[in-house]
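Some notes on the structure that comes next.
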Amino acid sequence: MSGHRPDAAVAGTSLWRNSNYRTFLGIQTLSAIGDSFSYVAIPLLVLQVTGSLVQMGIVTGLTGVASITTGVFAGVVVDRFDRRTLLMICDGARCVLYGTVAVVFLVAEPSWLIYLVVPLAGVFSMIFQVTYVAVVPAIVPTDQITRANGHLYATYAIASVAGPALAGLVAAAFGAAAAIGVDAITFAVAAIGVLFIRLAARPAQPGPADAEAGGVRNEFLAGARFVWAHPLLRQLTLLLSLLTFLTYGLTDTVIFRLKDELGQSDAVVGYVLTAGTVGTFVASSVVARVRGRLGFGPSWISAFSLAGLAVAGMGLVHHVPALAVFMAVMLLGSGVAGICSMSLRQEITPSHLLGRVTAAFWTIHSALGPLGAATITALAAGFGVTPVLVVVGTAMVLIALSGAFSSIGRAGVTPAAEPALEGARS
């Protein structure tokens, strides 16, 4: 990592004049293309091998368990080691793992390999995501974080517009394993691209012992205490835990509905998920203006309420175009809420704690995700997708609206960080 500040990490400088930012944007676009392939290909591969929605939910749940377990130490790793190197390792590892699936499935279809590789890839994905969040403030100034996150989200959306459709076509023509192979290639290229990024040097860490440096457990607790000490982060964690339980298996449920209930092809699955990413692109385009005008709280509450209404809508419609529209609206709402939440943490968390705070935040609110994926997909398999989606969507709206009666509803554009800072130092 370079000891000099990136060339445009100064407030007021255009993001597009920042070469590090432009390179990072390109790398994330490649990773997004690969992710969009596995986003479609992995559920299709599980369905191809097992023919079971429940098994799709189990794979998703196992991946969630791996991610949550990794979250306990991911923040410690990110705060202790060179973050650029970690990005390369995570991309390289996922290239090898997904490449193995693609090669093996050329000659056989061992279902056990999916249950092994996909959760293991989730480990590296979790470390990558924590590192990614911690890296952004080292590339752009604080006053441009929300806008930068919007741009990064936009490139993800643009890449994902073509990705799911192409993945569906590749899966239909050559099998889902071939689409996973494309994913492996994009991770390889992204890993090489990280070599061209320079990051700002981290500021000196406060305190004689880096606040909590006493083993993985204590260092993870340092991030958890920061989250718990800040009223806004605490409320967000509680509500997102419930929302994650409801939505973790949502993609599997929608794919199953398209394939089993509506009798659509793999290509149509790709088209619907591609149409959904239009909502992600819109979210990235409007989030900075929405948060600047409404403030954090109203933006987050409104966005997740909109997402909940869209989920309920997906359960009520029976035509593919309408389902695609609701998918786009759902991703619009969840996208605005997610960008606002991530930007908030990056703005109020000191650099030396950002990895641990991010890991603690994600680990805690994701803890119910695997159970939710297994529960929701099992209920959908037993009672039908329609009633389950209606109930899930309604519950999402109620949970989001409950935020209006907490510190979330009172949060302005940039909530204060002081309470959490004091909690982290104590």
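Quick caveat: nothing in here was measured; it's all calculated off a predicted structure.
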Exercise for the section: Taking the side chain as every heavy atom from C-beta outward, state whether Phe128 and Arg94 have any pair of such atoms under 4.5 Å apart. Expected result: yes
Practice task
Keeping the roles fixed (side chain from Thr50, backbone from Val46), state whether a donor-acceptor pair exists under 3.5 Å.
Solution key: yes
Exercise for the section: Could you walk me through whether Phe105 and Ile114 pass side chain to side chain contact (heavy atoms under 4.5 Å, CB included), step by step? Expected result: CA-CA 10 Å; Phe105 269 74; Ile114 301 173; 3.9 Å; yes
Handout entry: Inter-residue atom distance Met314.CE - Leu389.CG, 0.5 Å rounding
Key = 6.0 Å
Exercise for the section: Flag the pair Phe304 / Ile399 as yes when at least one side-chain heavy-atom distance between them is below 4.5 Å, and no otherwise. Expected result: no
Practice task
Determine whether Phe361 and Leu236 make a side-chain contact, defined as any pair of heavy atoms from C-beta on separated by less than 4.5 Å.
Solution key: yes
Problem - Side-chain heavy-atom pair Leu344, Arg291 within 4.5 angstrom cut-off - result: yes
Completion exercise
Nearest heavy-atom contact between Val101 and Val117 is CG2-CG1, 3.6 Å
Exercise for the section: Return yes if some donor-acceptor pair links the side-chain N/O of Gln264 with the main-chain N/O of Leu262 below 3.5 Å, else return no. Expected result: yes
Practice task
Carefully, step by step, assess Phe326 and Leu331 under the rule side chain to side chain contact (heavy atoms under 4.5 Å, CB included).
Solution key: CA-CA 9 Å; Phe326 278 118; Leu331 291 177; over 6 Å; no
Problem - Arg257-Thr253 side chain donor-acceptor pair, cut-off 3.5 Å - result: no
Handout entry: Arg147 atom CZ: more than 12 heavy-atom contacts under 6.0 Å
Key = no
Practice task
Any chance you could lay out the ring-ring contact (aromatic ring centres under 6.0 Å, His included) test for Tyr132 and Phe24, step after step, and finish with the verdict?
Solution key: CA-CA 10 Å; Tyr132 160 82; Phe24 189 62; 5.8 Å; yes
Handout entry: Check: Val130 main-chain N/O paired with Thr358 side-chain donor or acceptor under 3.5 Å
Key = no
Exercise for the section: May I have the step-by-step check of side chain to side chain contact (heavy atoms under 4.5 Å, CB included) for Ile348 and Leu233, ending in yes or no? Expected result: CA-CA 10 Å; Ile348 68 178; Leu233 292 181; 3.9 Å; yes
Completion exercise
Heavy-atom closest pair (Gly403 atom, Ile408 atom, distance to 0.1 Å) is O-CB, 3.7 Å
Exercise for the section: Please examine the side chains of Phe124 and Leu97, heavy atoms only from C-beta on, and report whether any two atoms are closer than 4.5 Å. Expected result: yes
Handout entry: Nearest heavy-atom neighbours spanning Ser111 and Val49
Key = CB-CG1, 3.6 Å
Practice task
Supply the atom-to-atom distance Trp300 CH2 to Leu232 CG, rounded to the nearest 0.5 angstrom.
Solution key: 9.5 Å
Exercise for the section: Return yes if some donor-acceptor pair links the side-chain N/O of Ser125 with the main-chain N/O of Ala121 below 3.5 Å, else return no. Expected result: no
Completion exercise
Here the pair of heavy atoms bringing Val123 nearest to Ala66 is CG2-CB, 4.0 Å
Exercise for the section: Hey, could you give me the CD1/CG distance between Ile127 and Leu87, rounded to the nearest 0.5 Å? Expected result: 11.0 Å
Fill in the blank from the handout: Nearest heavy-atom approach of Leu246 to Ala395 is CD1-CB, 3.7 Å
Handout entry: Residue pair Ile255 / Lys259, side-chain heavy-atom distance below 4.5 Å
Key = yes
Exercise for the section: Tell me, please, whether Phe226 has Arg356 positioned over its six-membered ring: NZ or CZ under 6.0 Å from the ring centre and within 45 degrees of its axis? Expected result: no
Problem - Between CG on residue Leu240 and CG on residue Leu368, distance to nearest 0.5 Å - result: 11.5 Å
Exercise for the section: Please lay out, stage by stage, how Asp183 and Ile42 fare under the test side chain to side chain contact (heavy atoms under 4.5 Å, CB included). Expected result: CA-CA 11 Å; Asp183 192 8; Ile42 289 174; 5.8 Å; no
Problem - Euclidean distance, Leu294 CG relative to Ser302 OG, rounded to 0.5 Å - result: 6.5 Å
Exercise for the section: Of all the heavy-atom pairs spanning Leu354 and Gln346, show the shortest one and how long it is. Expected result: CD1-CA, 4.2 Å
Handout entry: Donor-acceptor contact below 3.5 Å, side chain Ser284 vs main chain Phe281
Key = yes
Exercise for the section: With the side chain counted from C-beta on, respond yes when Thr244 and Ser241 share a heavy-atom pair under 4.5 Å apart, and no when they do not. Expected result: no
Exercise for the section: Could you tell me whether a side-chain N or O of Asp79 sits under 3.5 Å from a main-chain N or O of Gly355, the two making a donor and an acceptor? Expected result: yes
Problem - No-hydrogen, no-angle side-chain donor-acceptor test under 3.5 Å, Asn149 and Ser343 - result: yes
Handout entry: Pairwise side-chain contact, Leu250 with Met330, heavy-atom cut-off 4.5 Å (strictly under)
Key = yes
Handout entry: Distance in Å, Ile364 CD1 paired with Arg234 CZ, rounded so as to fall on 0.5 Å steps
Key = 12.0 Å
